[in-house]
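Have a look at the structure below before the remarks.
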Amino acid sequence: MSKPFAIMAEYETPAEIMAAAKKVHGEGYQKWDVHSPFPIHGMDDVMGLDNAKVGWFTFFGGLTGFVTGMVMIYFMNKFDYDVVVGGKPLFSGFYAFPVAYEMTILLGAFGSLGGMFILNRLPRHHHPLLANARFADVTDDKFYVVIECEDERYDENLTRTLLEGTGAQHIEMVEDAQ
Amino acid sequence: MKTPSKTGQIGNAAEAQYWRSIGESVGELEHPDWSDREFPEGASELSEDFSRRDFLKLMGASAGLAGAGMLGVGCRRPEEHIVPFGNEHSSGQEYVHGEPMYFATAMPTRMGAIPLVAESNEGRPTKVSGNPDCPATKGSTDGFAYASVLSLYDPDRARRYTKIGKEMSKSDTVLELKTLAGKEGRTAFLMPSANSPSRDRLIGKIKKRLGENADFYVHEAIDFCVHQRAATQAFGQSVVPNWKFAKADVVLSLDCDFLGNEEDSGLYASDFAKTRKLAKATDTMSRLYSVEALLTQTGANADHRLRANALKIGAVAVYLSAKLGMKTSDASEMLIKGLTDDQKQWLDACIEDLKGHKGKGLVVAGYRQPESVHVLVHQINGVLGNNGKTVEFLPASANDFKNLKDLSSDLGKFERVVNLGCNPVYDGGSDIDSKAIGDKTEFRLINFAQDESHSDSGINAPLAHYLESWGDARTSDGTIVSVQPLIAPLFDAMTELEVLAVFADPEDPQSAHTVVKDTFSGNDAAWQHYLHQGYQEGSALDPIPVEELELSQELPDIPYRQVPEGSLEVVFTRDYSVDDGRFANNGWCQEVPDPINKITWDNVMSISRKTASERKLNNGEMVRLELGDYEVEAPVWIQPGMADNTVSLPLGYGRTGKLRIANFKYEKRPLINNEFFGAEDVPVGGFNAYKVRTSGESNITTGIKLMSLGRTYPLSSTQEHWSMEGRPIVREATLEGFRKSEKKRAEELDKEGYSEKHFFPDNMGLGSHARNEGKIYQHPYKERPSLKSDMHQWGMSIDLNTCNGCNACVIACQSENNIPIVGKEQVAKGREMHWLRIDRYYTGRNHDPKASAGRIKDQGQNGDDEQHTEEWIDDPQVVNMPMACVHCESAPCESVCPVNATVHDSEGLNIMAYNRCVGTRYCSNNCAWKVRRFNYFDYNKRPLEKLYESPLTKPALFLDWLTDREKPSKREDEWDLLELARNPQVSVRMRGVMEKCDYCSSRIQSAKITKKVKAGSGGDVMLRDADLKTACQSACSADAITFGNLLDKESAVVSDKNNPRTYETLDFLDNGARTTYLAKVRNPNPKMPDAYTEPFSSGEYHPQEPHGGHDDNHAGQGKAEGGH
Amino acid sequence: MSETAAQPQVETHTPKELVRQPLVLNNRPLGWITEQVAGIVEGKMPRWWNVAFTISFLVMMMCFTYIGYLILTGVGVWGLNHPVAWGWAIVNFVFWIGIGHAGTLISAILFLLRQKWRTSINRTAEAMTIFAVICAGIFPGIHVGRIWLAWWLLPLPNANSIWPQFRSPLLWDVFAVSTYFTVSLLFWYMGLIPDLATIRDRLRKNADKCTTGCEKLINKVKQYLYGIFSMGWIGSNRHWRNYEKAYLLLAGLSTPLVLSVHSIVSFDFAVSQLPGWHTTIFPPYFVAGAVFSGFGMVLTLMIPMRALFKLEEIITVRHLELMCKVIMATGTIVGYAYGMEFFIAWYGGNPYELYAFKNRAFGPYWWAYWIMISCNVISPQLFWFKWSRTTPWFIFVVSIFVNIGMWFERFVIVVTSLHRDYLPSSWGYYSPTQVDILTFVGTFGLFMVLFLLFVRYLPSICIFEVKGVTPQADPHAKEGGADKVEGGVH
Amino acid sequence: MSNIFPKWTNRLPLILVVGGLVAGACVVAGVTYYFTPKYTRVGYQPIQPVSFSHKIHAGQMGIDCRYCHNDVDKSWYSNIPSAETCMKCHSTVLADDPRLEPIRRSFSENKPVPWVQIHKTPDYVYFNHAVHVNRGVSCVKCHGNVNEMDEVKHAKSHSMTFCLDCHRNPHENVRPQDEVFNLDWEPSAEWAAEREGQALVDQMKIRSSENCSACHR
């Protein structure tokens, strides 16, 4: 048993899909996407997407790292067991800095990657598009516009007409096999 | 991390092969898992009041409690009652399990004894130190005394009684001995030298009983009796000279190494040091002149040193006597002609100085010189009015024993020889038919199971170590000291006295204990007291008043001997490390660097630079040395300060018996080598100089031939570089310089001129001086005062003026702190483990290190390759510097340790927590003094030849390893013995762990605990000087090391830190070392031809301008005029 | 650096010497790039791969054997001694860490600088980084005396109430190197996700072509594995948007990371008080040296690789030339640092410091010093000549010299400073043993094993990024806005 | 062509992340509890060869600790009494009790009684009994209320943390010297209120030593 998931149009070049995306966006679709083998410069504007939110994850990751590093060192070397070491101060931001700095970067990096995955709802190994034979070229040299059936403006005929008007080589329905 | 046994341990008789365990009844003790103990432990012996039974059970209980023994080693208590030494540690106490006990005893030497206090842990003697109460020596000792503890546990010691190779029991041996004593025919007794009233008494008894049928021969390879013989000759009665260096203002040593290898050097060093201590600028100090061929410790410490061939010393004495107006002969004119003008000028000025100090000067001649020179020296002292003042003469029993040479010629007269511990095959001399003596020997006491004289003929009996013997001895001032055993003989060995007692009375031989007690002839209480304090009060001999001595005025017949043109003279000398070979199988002695050349595990043939270049010899080159019919192969060592055309041959090496340390062999290692491929053969153990030495007065001889063998011998030196490179490490001044105004002195001594001046630290490195000002952070002691103890702050001060580099502290430290030996190969790699080392630098007149700095100096096999070709080394000044962790307040090692393994404690100690150390070695890299020592291998566990072994190099070990993971690294059988010498108060470090001097932290803790236990709920817990000494401090006869609490204003260390000579090494690094040094002060005579206005090191030093740069060579006076 | 897309019509108006070589030669279509790179992974490996892998594997096993021997016996099997407590192990550590710097530098810094030529080399360089860091990480681990307690360096709560000591640069190292490894791995993996998806999809397409059961099974297993690691990537632009942002941020984090890691490694020395180590110039000097050696190693690996896998059209001579320029620049910085050390030693007026440097050049280790100077300062200067920058075999030779020279630089710093420091009494000499040498050789085996596995199983060139910099990837190409993407100064 | 991953795999990542966190937390908790001396040592109660009851001897009969452990205030080591000590009383009391057979055998045969050791410090720790019991630290602080134990068991963890807790806060752990061997002594309300502990610390000049050198040498 399967139900229609989306309508998919295939294009040959970035320029074509850029134009197509412009049209689809102009029609006010929400649940649609452009799929390409590499990121296309300017596509975000065309699709009307705002700035990505990954930076917040990075920021809070990094902040956590820095604070953890400093607090950990303060706790371990000054608070919990204060030992006289080399005549150096029990705690100093100077000597704690390298470690705190590395922790900032480490947790910042975790934040970035994790944030990317969370925002992208990845990993998602089961996806209707992945079952589509033709769509396999998306990671090679083909470009696709996919408009999901759940979009409010979706209408099987109108949408197909719209996509045909953008010069797509091939248009087909993608089924969601249960 | 493992520690030596802390719990007492009962032996398992089934496994203890060498001696009986404590009572056979406990022998079957179960043998459960003991995997976490490192080595077996000795059970204890007791003081008298402790019931033996209770003790056994106690030990048993603790054994069971602790999990029982790995390899049972039960140390029997001696059967007679021994008396603990009375000091604060255990005064009047019974044995308390776990607490060390102290006993007074003495180490017999050739002519006397060194009174000692021995520490016993669980029945094992683990450490000795000088007996400070004994008036004869006041605690002075030498390195050999400290090392002797290890000899007790020498695994190569003889351990069986045999007759014609067949083993028998001790009681059977005594029966055999009784038979022997009753036999017809003449008996020759061959004995080592000793000064023991009991022995003398027994000899008297034997002579009385056997009359003509017994004769006594004394053999010593090094003959210190020459002093007595010469004095006897000079004064016509049996006297022995007793030098009083403490009273001498001017000392002239004629080839006399009284600070080094004369007997009683510890005592002399102690006396001499008293004249060299300077607390303030107005203090006076003595002046030492030395005329010698070899660079000896005495010469190294002399204010003026004249190089002269050993053969010419006689001529020097004759010249001096002539200058003093004593009568001369034609022969003496001949002798004087042999001296060069330079030498004469030197001697002229010197004798003037001596004349100016009549009655306060002292001329001494060394044991290497012939009797006639000694006699002349007595006459010179007589003229100078020194006799009776700086040298006293004590009555001595006539020492009319014949020697080995006599025995060799008399041999036909005797039916049999009884050898009481001599090894004539090894050290008898090349002209002695030792084999013939050996063949006639029917009984011998043997120290080692198979030494060179080993033979299965006759009866062999193991010789007891002094720590397991009853005995007595007279020290050099005649004080009678007791030798009492701390442990029953490990192998049931016999003492000399026991053997002699059988010959004295075969029917009913006395035990050694009874012999000694009878000799003592006091009541029981006096006897107890005698044993308790270790010496007999008032037994010191009164010197014979000089008026009663009649000094012979006859000019002794000094033979005219010259080094033939184109030939060399040979000087045989007692070795600084192994004596005449008696300490050759002692790992501590083998590994302690020679105080002069810093070579370990070998002896070398030293020659001067000039002689070497004339003969085109390189450092380390092997030569064949031929002397008459005899020859030996030896490595050349180019020794700074050697007289030209002199060759020195230290005795005591090249052992061939089964002595596994002295005669050490590395196994071939197919896989791992320092050289990339191909196995390298590392020969160990030096050469046997006795091979070319004849008996009799043969310390100096001529007529040798040298032939290069064209190969280089690898030597392991702990210090490869000789020059201080003009660095202000050891700081020196002349006495005159020291007496200058404070400012001037500061300039002269504060060499790190470009750094902040703190030559006069305002308050002794207490962490409270200006160190923290102007810094971006505070020392944590200030930041959080609770981290700093207000009761104890430890500090040390080392007086470079009195330190003579004798190594006693090094061995004492090794003994105290369980420092392993690592073997020649590891020393060659630079992995020696000594926490305390003595740095020795040579400085040269007009030597400019800058001229040669930065030149390519290739690394040779034996050190930096070019230094021994440089001319400045011919007449160097020598400085010694004991160097151990200086306990920096801002310790650079600590801040780089990632795991907090080395940190500061609240008392200013730089601590190593061994069990926390992971072994990054970063601390060592960051230590400017390089005093940290890393356990590159399991030195404490593995035999030296197996350091590189692993299951991967020896697959058979892999199977062993599967069954028992400890097995591949376990020592074999008797090597475990050595572990009994360990100090249970200090952790034994495993491989991969860094270690270093911790100011004897264990002693500090023990002292604190003792004090606290005594204080109870009171508050008297602050340690004073009397409560605590570090091992090195107590070992230092010259009193060069002071250690104590810097917060105790009465402590010696505080007054030393206030001494104007105090300085801190590398002070510009601002690490705040707690160990500071007192600068060396030389006392040159400005009238001498070789006078100097400042020490050579000052001339080498180039002050650095604060802003560096171009022409910075204009400060330091007397700087080098061009280099070489 | 600016890059101009080479459009035919523009070319006629531009002087020839100003025309940039395109980043992918011969105007290949996108599918060709996929085929070319993914083909390596899918195809059968050539014979040389098997030979190289076998040799590398054996060398790697030798390394592990020696490490086993070391751990069973003690650090003494190395040539270390008391003045020289760090030897080859630390030299090798710094050497490998240095090599590991080019990868992240190429990926991150060149990404931030919009250097598009990085796309053909960054994947390999990043892989090299990770493998080099693995090799590097071995040494500080095994050089400690009690390796089984090395976990004490981690800040773990314990029943002893005792913590690591954070003033120690070694602890900074622990954090820096582990962070560097982790972030590099993340960065590398992130870049791999779209390419893994490419391979996954190609496997999907090829599944039908599998004939035998075995082939089918292998295809299926590979689909699962590549599928899992590609995280369900579908090339969605909404994903690309976050992906690019995250990649940019990671690059932004990695850049200071790269700089900090080698700075911290240099702190191991600079923070000490040893003459020759205690030098403020160390952080920039080490970073430049690391970049220098890293690019050297990238060239050493890439020149044979592009020849063997016929990737000359993707890794073009222009790429090599640009890397040569980086080498020349960093080599000059390193040379300046060498000179500056000497100047400061003299100008600073500290005799210990001055001696340390004199001793480097003229002491017993003079040969190490002059090898270092010839390889690091003199040899890269050859790249002033265009011929030498564009002749792959010659570049290869120089890159080997650079690797050797940089190893010796670390040797000179570590060993010559230690062997003669403050007190002449403790001066000594260090020479390596068989174990030292063969363990180091063995790490090349480990490195090559990992690298060969990498080229065997993962796309060694970043497919999607290379596609992104081709002219046909420009969405405005047909609208005549040719210069907008490739051109212009960023 | 179809999805090789079934749909449920889309939930897997979340499950793995959450599951991993939970598992990690469990491991940490487990290690903290089971692998530390508080668990591994406390409660160790081996069967002794003789069922000696401290509760009877020290508790009910009130025999002083030092009657048997007579070196505890002199040595670093608190000795285990020999059979002779037992026989001082048991030669008359319970002279024929079969439970005491090992003691009698030990006494007559000179063989030690194989007691099982309970408290053991590692070799690298130099703990000294004498300095503690002479300076106001009671047996009970480390050994618990032995006078209430029939069979002795390991009552405290004896970890380094355990040592440090006391060394850092001596005023909370010292008591009057004459109460050291009174295992039932509890500080009274006034004791705490009057800061008697601190007074004692001041009087004895006790320094709270966290120095490594205090125990490791």
Side-chain angles (χ1 to χ4, degrees), chain A residues 13-15 17-18 33-44 47 49 52-55 58 62 72-73 76-77 80-81 83 85-86 88 95-96 98-99 101-103 105-106 108-110 112-113 115-117 119-120 122-127 129-130 133 135-141, chain C residues 29-31 34 155 161-167 171-172 175-176 179 182-183 186-187 190 194 197-198 200-202 204-205 227-228 231-246 249-250 253-254 256-257 260 264 267 464-465 467-468 472-479 485:
Chain A
T13 66
I17 197 155
M18 199 80 161
D33 209 341
V34 167
H35 298 260
S36 57
F38 51 85
I40 297 167
H41 194 78
M43 183 59 82
D44 293 350
M47 286 180 68
L49 301 176
K53 302 280 190 300
V54 183
T58 312
M72 173 178 78
I73 294 172
M76 291 180 181
N77 283 177
D80 190 47
Y81 200 160
V83 199
V85 173
K88 299 272 192 290
Y95 83 70
V99 168
Y101 179 86
E102 298 299 332
M103 299 263 304
I105 288 176
L106 184 68
F110 283 146
S112 306
L113 192 70
M116 186 273 281
F117 280 130
L119 292 173
N120 285 350
L122 288 179
R124 183 180 174 186
H125 288 104
H126 178 95
H127 194 284
L129 286 169
L130 286 174
F135 189 74
D137 281 340
V138 74
T139 55
D140 187 7
D141 57 353
Chain C
L30 298 176
T34 317
S161 288
I162 192 161
W163 301 108
Q165 202 276 99
F166 283 93
R167 296 162 196 86
L171 209 60
W172 306 346
F175 279 83
T179 299
T182 315
V183 173
L186 294 181
F187 198 41
M190 195 173 168
T198 302
R200 174 200 64 196
D201 290 346
R202 284 170 62 90
R204 206 142 60 92
K205 283 190 275 187
I228 286 170
M231 296 277 175
W233 187 260
I234 46 173
S236 148
N237 192 63
R238 290 172 197 272
H239 290 177
W240 281 122
R241 182 177 64 122
N242 288 322
Y243 179 91
E244 284 201 285
K245 191 70 161 189
L249 286 166
L250 264 188
L253 288 170
S254 301
L257 176 64
S260 76
I264 286 175
F267 287 162
F464 84 92
E465 285 199 11
K467 284 175 190 163
Q472 61 267 44
D474 180 7
H476 311 290
K478 289 196 176 153
E479 297 167 59
V485 177

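In the text below, chain A, chain B and the rest are named by the order of the sequence lines, each starting its count at 1.
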* **Between A:M116, A:K88, A:E102, the one whose heavy-atom pairs under 4.5 Å with chain C are most numerous** => A:E102

* Structure fact -> From the list C:N237, C:L249, C:D201, the residue making the most non-hydrogen contacts under 4.5 Å with chain A is C:N237

* To do: Measure the CG-CZ distance between C:N242 and A:F117 for me, rounded to the nearest 0.5 Å.
  => 11.5 Å

* Asked: By a 4.5 Å heavy-atom criterion (distance strictly below it), what part of C:E244 contacts chain A: side chain, backbone, both, or neither?
  -> side chain

* Measure the NE2-CH2 distance between A:H41 and C:W240 for me, rounded to the nearest 0.5 Å. => 15.0 Å

* **C:L253 to A:G108 - nearest heavy-atom pair and separation** => CD1-C, 3.3 Å

* To do: Heavy atoms only, distances under 4.5 angstrom: which of A:H127, A:M103, A:R124 has the most pairs with chain C? Name it, please.
  => A:R124

* **Per-residue contact mode, A:S36 against chain C (heavy atom under 4.5 angstrom)** => both

* For C:V183 and C:S254, which heavy atoms make the closest approach, and how far apart are they? -> CG1-OG, 3.7 Å

* Mind ranking A:D33, A:I17, A:D141, A:I73 by heavy-atom pairs under 4.5 Å with chain C and telling me who comes out on top? => A:D33

* **Side chain, backbone, both or neither of A:V34 within contact of chain C (heavy atoms, under 4.5 Å)** => both

* Asked: Between A:S112 and C:A246, which heavy-atom pair has the shortest distance, and what is it?
  -> O-CB, 3.7 Å

* Go through the atoms of A:H125 and report whether side chain, backbone, both or neither lie under 4.5 Å from a heavy atom of chain C. => both

* Between C:T179, C:I162, C:T34, C:L30, which residue shows the highest count of heavy-atom pairs closer than 4.5 Å to chain A? -> C:T179

* Asked: Pick from A:L129, A:L122, A:V138: which one has the most heavy-atom pairs with chain C under 4.5 Å?
  -> A:L122

* Asked: When rounded to the nearest 0.5 angstrom, what is the spacing between CE in C:M231 and CE in C:M190?
  -> 11.5 Å

* Show your reasoning for whether side chain to side chain contact (heavy atoms under 4.5 Å, CB included) applies to A:M72 and C:F166. => CA-CA 10 Å; A:M72 173 178 78; C:F166 283 93; 3.6 Å; yes

* Structure fact -> From the list A:N77, A:D137, A:T58, A:I40, the residue making the most non-hydrogen contacts under 4.5 Å with chain C is A:N77

* Asked: Based on non-hydrogen pairs under 4.5 Å, which of C:R200, C:E465, C:R238, C:K467 is most in contact with chain A?
  -> C:R238

* Is it the backbone or the side chain of C:I264 that comes under 4.5 Å from a heavy atom of chain A, or both, or neither? -> side chain

* Go through C:W172 and C:F175 one step at a time and tell me if the ring pair (Phe, Tyr, Trp, His ring centres under 6.0 Å) criterion holds. => CA-CA 5 Å; C:W172 306 346; C:F175 279 83; over 10 Å; no

* Over 60° means perpendicular and under 30° means parallel, so classify the ring planes of C:F464 and C:Y243, tilted if in between. => perpendicular

* Structure fact -> Looking only at A:D80, A:V85, A:V83, most heavy-atom pairs under 4.5 Å shared with chain C are made by A:V85

* Structure fact -> Scored by heavy-atom pairs under 4.5 Å with chain A, the best of C:I228, C:L250, C:I234 is C:I234

* Asked: What part of A:M47 is in contact with chain C, defined as an atom under 4.5 angstrom from a non-hydrogen atom: side chain, backbone, both or neither?
  -> side chain

* Asked: Does the side chain of C:K245 reach to within under 4.5 Å of the side chain of A:L119, using non-hydrogen atoms?
  -> no

